[in-house]
Novice: 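Supplied in structure tokens, the structure appears directly below.
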Protein chains: 2
Amino acid sequence: MEDEVDRLVAAWRRERPDLDVEPLEVLSRVSRLARHLDRARRLAFAEHSLEPWEFDVLTSLRRAGAPYQLSPGQLLTQTLVTSGTMTNRIDRLAQKGLVERLPDPTDRRGVLVRLTPEGQDRADEALAGLLAQERAILGELTDRQRAELASLLRQLTAPFDNVPG
Amino acid sequence: MEDEVDRLVAAWRRERPDLDVEPLEVLSRVSRLARHLDRARRLAFAEHSLEPWEFDVLTSLRRAGAPYQLSPGQLLTQTLVTSGTMTNRIDRLAQKGLVERLPDPTDRRGVLVRLTPEGQDRADEALAGLLAQERAILGELTDRQRAELASLLRQLTAPFDNVPG
DNA sequence: CCCATATATCTTGATGTCAAGAGACTTCAT
DNA sequence: ATGAAGTCTCTTGACATCAAGATATATGGG
């Protein structure tokens, strides 16, 4: 079946027949698929009244394991946002009762952000919903194809994930 | 080589051994790779003093073929932004002399946005730079692997691209 | 002990985006 | 013709984000 990238590539080949636009076949599909996934996830999370950014913060804490707490600094390295954004996010999550701020007992400059029991439940529910949706999106592929895709994608992401930047 | 998603999946398997998180192996990699690509593209475009959104608009017009003009409405279906955003983008591109607004001769409500000669040059230069960068990112893969990846990704994107939404 | 430097978090101001709606014009049924 | 509904673009107001800097605390060399 044809997709938007086929049309995009065809347009470039018509307008710029001198250029080799083959890289777009892979990387434009990655970007466009990510956009579609963002929208789909937003819908899935909305069923649990969570925004994507809320899911990111709550699940970062959830994955940390009991007692489900991290410093704002650790959270911002995990979620790749700036400190101003993280302050704002913690404020709103605390107001909704999903996390709470605790003084760091070992550093008086510091704060610890801890998942409340309700925050933990919401994170767990939303994760289950997300996985159900993702299984549906991947439904067309065989196990063999999923493994192949994961492996090829890992080859592309590993260089980014294993440098300081 | 290990990547961030391997670590993410390992954390979930430790904290939620009851869940099958295998879908993340594919779809989290897609999202994370897209984030990396966004950053890389921003850098590539910066060498031509273009923002990613400027590239999107200019190349949409470029792909339309001579005389390189589209209505704001056509531009926003291509770039998936709202009309308010598009008005703002056209304003700024016109101010920089990369596009110009013309009255639509067939509909007095309408406007046509046309690429200026400078806008066309900038779009062409930035596209060449982008393709060079993308070839470097894909450098690790064989032709066979790229084709395989493109084909698998097309299977995932086609359902999104061939429905009204 | 003291000061310079580093670290952790929060605050401020600017920006780009979106959602909703306004204004101008067109289209179509009557 | 005429009025209602549709279409196209732009305006407005709210919001999340970022970059830069402020505040408070910690750390280590002299």
Side-chain angles (χ1 to χ4, degrees), chain A residues 31 34-35 38-39 41-43 45-46 49-58 60-61 64 69-96 98-114 164-165, chain B residues 31 34-35 38-39 41-43 45-46 49-58 60-61 64 69-96 98-114 164-165:
Chain A
S31 292
R35 284 252 279 286
D38 281 347
R39 290 188 45 188
R41 279 199 267 256
R42 179 174 294 276
L43 285 176
F45 293 147
S49 302
L50 283 182
E51 299 291 321
W53 64 263
E54 295 179 297
F55 179 83
D56 284 347
V57 175
L58 297 180
S60 290
L61 293 167
Q69 60 188 24
L70 292 171
S71 68
Q74 290 174 307
L75 280 172
L76 54 92
T77 66
Q78 290 237 347
T79 56
L80 303 176
V81 297
T82 60
S83 63
T85 298
M86 186 51 69
T87 297
N88 185 9
R89 288 182 174 188
I90 296 168
D91 286 348
R92 283 175 288 162
L93 286 170
Q95 198 166 12
K96 292 177 72 171
L98 303 181
V99 306
E100 54 190 345
R101 277 192 177 88
L102 307 172
D104 184 335
T106 71
D107 184 340
R108 258 184 297 179
R109 294 169 303 179
V111 167
L112 289 176
V113 181
R114 180 151 70 191
Chain B
S31 292
R35 284 252 279 286
D38 280 347
R39 290 188 45 188
R41 279 199 267 256
R42 179 174 293 277
L43 285 175
F45 294 145
S49 302
L50 282 183
E51 299 291 321
W53 63 263
E54 295 178 297
F55 179 83
D56 284 347
V57 176
L58 296 180
S60 290
L61 293 167
Q69 61 189 23
L70 292 171
S71 70
Q74 290 173 308
L75 280 173
L76 54 91
T77 66
Q78 290 238 345
T79 56
L80 302 177
V81 298
T82 60
S83 63
T85 298
M86 187 52 68
T87 297
N88 185 7
R89 289 181 174 187
I90 296 167
D91 286 348
R92 283 177 286 165
L93 285 170
Q95 199 165 14
K96 292 176 72 171
L98 303 181
V99 306
E100 54 191 344
R101 277 190 176 91
L102 306 172
D104 183 334
T106 71
D107 184 340
R108 256 184 299 180
R109 293 168 304 179
V111 167
L112 290 176
V113 180
R114 179 152 70 191

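Note on naming: letters A, B, ... go to the chains in the order of the sequence lines (proteins, then strands), and numbering restarts at 1 for each one.
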Novice: Has B:Arg108 got a side-chain N or O lying under 4.0 Å from the OP1 or OP2 atom of C:dT26?
Specialist: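 For C:dT26, OP1/OP2 do have a side-chain N/O of B:Arg108 under 4.0 Å.
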Novice: Tell me every residue that passes salt bridge (Lys or Arg N to Asp or Glu O under 4.0 Å) with A:Arg109, counting only those two or more places apart in sequence or in another chain.
Specialist: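 Salt bridge (Lys or Arg N to Asp or Glu O under 4.0 Å) list for A:Arg109, sorted by chain: A:Asp107.
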Novice: Quick one: is C:dA19 close enough that its OP1 or OP2 comes under 4.0 Å of any side-chain N or O from B:Thr82?
Specialist: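 So the side chain of B:Thr82 is outside the cut-off, no N or O lying under 4.0 Å from OP1 or OP2 of C:dA19.
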Novice: Write down the distance between CG (B:Leu75) and C1' (D:dC10), rounded to a whole number of angstrom.
Specialist: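 Roughly 15 Å, once rounded to whole Å.
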Novice: Would you compute the distance between atom CE of A:Met86 and atom CD of A:Gln74 and round it to the nearest 0.5 angstrom?
Specialist: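 Interatomic distance, A:Met86 CE to A:Gln74 CD, rounded to 0.5 Å: 11.0 Å.
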Novice: Mapping B:Arg89 and B:Ser83 onto DNA chain C by nearest heavy atom, which one lands closer to the 5' end?
Specialist: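 Per heavy-atom nearest nucleotide, the more 5' residue is B:Arg89.
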Novice: For a salt bridge (charged side-chain N to carboxylate O under 4.0 Å, His left out) with A:Glu51, tell me which candidate from A:Arg42, A:Arg41, A:Arg89 qualifies.
Specialist: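 Among the candidates, only A:Arg42 passes.
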Novice: State whether the distance check finds a donor on one side and an acceptor on the other, under 3.5 Å, for side chain A:Arg109 versus base C:dT7.
Specialist: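 Answer yes: a donor N or O sits under 3.5 Å from an acceptor.
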Novice: How bent is the helix from C:dC1-D:dG30 to C:dT30-D:dA1, comparing axes over its five end pairs at each side, to the nearest 10°?
Specialist: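 Rounded value for the end-axis angle: 10°.
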Novice: Working to the nearest 0.5 angstrom, can you tell me the gap between A:Thr106 OG1 and A:Leu112 CG?
Specialist: 7.5 Å
Novice: Can you check the A:Ile90 CD1 to D:dT17 C1' distance for me, whole Å?
Specialist: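 Distance check: A:Ile90 CD1 to D:dT17 C1' gives 15 Å.
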Novice: Closest-nucleotide mapping onto DNA chain D: is A:Asn88 or A:Asp107 further toward the 5' terminus? I mean the 5' end.
Specialist: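 Of the two residues, A:Asn88 wins.
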Novice: Heavy atoms only, 4.0 Å cut-off, all strands: where does B:Gly73 land among base, sugar-phosphate and nothing?
Specialist: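 Sugar-phosphate contact only - B:Gly73 comes under 4.0 Å of backbone atoms but never of a base.
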Novice: So, is B:Thr85 near the phosphate of C:dC18, with a side-chain N or O under 4.0 Å from OP1 or OP2?
Specialist: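 Yes, within the criterion.
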Novice: Output the rounded distance in Å from CG (B:Asp38) to P (D:dC18).
Specialist: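 About 13 Å, once rounded to whole Å.
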Novice: Rounded to the nearest Å, what distance is computed from the CE atom of residue B:Met86 to the P atom of nucleotide D:dT9?
Specialist: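 That distance rounds to 11 Å.
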Novice: With side chain to side chain contact (heavy atoms under 4.5 Å, CB included) as the criterion, how do A:Arg101 and A:Leu93 come out once you've worked through the C-alpha distance, each side chain's angles and the decisive distance to 0.1 Å?
Specialist: CA-CA 10 Å; A:Arg101 277 192 177 88; A:Leu93 286 170; over 6 Å; no
Novice: CZ of A:Arg101 versus P of C:dT9: gap in Å, rounded?
Specialist: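 Going from A:Arg101 (CZ) to C:dT9 (P), I get 10 Å.
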Novice: Please report the interatomic distance OG1(B:Thr79) to CZ(B:Phe55), rounded to the nearest 0.5 Å.
Specialist: 13.0 Å
Novice: Hey, what do you get for OG1 (A:Thr85) to CD1 (A:Ile90), rounding to the nearest 0.5 Å?
Specialist: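 Rounded to the nearest 0.5 Å, the OG1-CD1 separation comes to 11.0 Å.
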Novice: Of the candidate nucleotides D:dT17, C:dT17, C:dT9, which contains the atom at the shortest distance from the side chain of A:Arg92?
Specialist: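 The closest nucleotide is D:dT17.
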Novice: Distance check needed: D:dT17 C1' versus A:Glu54 CD, whole Å only.
Specialist: 15 Å
Novice: How close or far is atom P of D:dT12 from atom CG of B:Asp91, stated in whole angstroms?
Specialist: 12 Å
Novice: To the side chain of B:Trp53, which of D:dT9, C:dT17, C:dT9 is closest?
Specialist: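 Looking only at heavy atoms from C-beta outward on B:Trp53, the closest nucleotide is C:dT17.
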Novice: Between D:dT9, C:dC18, C:dT11, which nucleotide gets closest to the side-chain atoms of A:Thr87?
Specialist: C:dT11
Novice: Please assess A:Leu58 against A:Leu50 for the test side chain to side chain contact (heavy atoms under 4.5 Å, CB included), listing each intermediate value before the final yes or no.
Specialist: CA-CA 10 Å; A:Leu58 297 180; A:Leu50 283 182; 4.1 Å; yes
Novice: Could you tell me the separation between the CD atom of B:Gln74 and the C1' atom of D:dC8, rounded to a whole number of Å?
Specialist: 12 Å
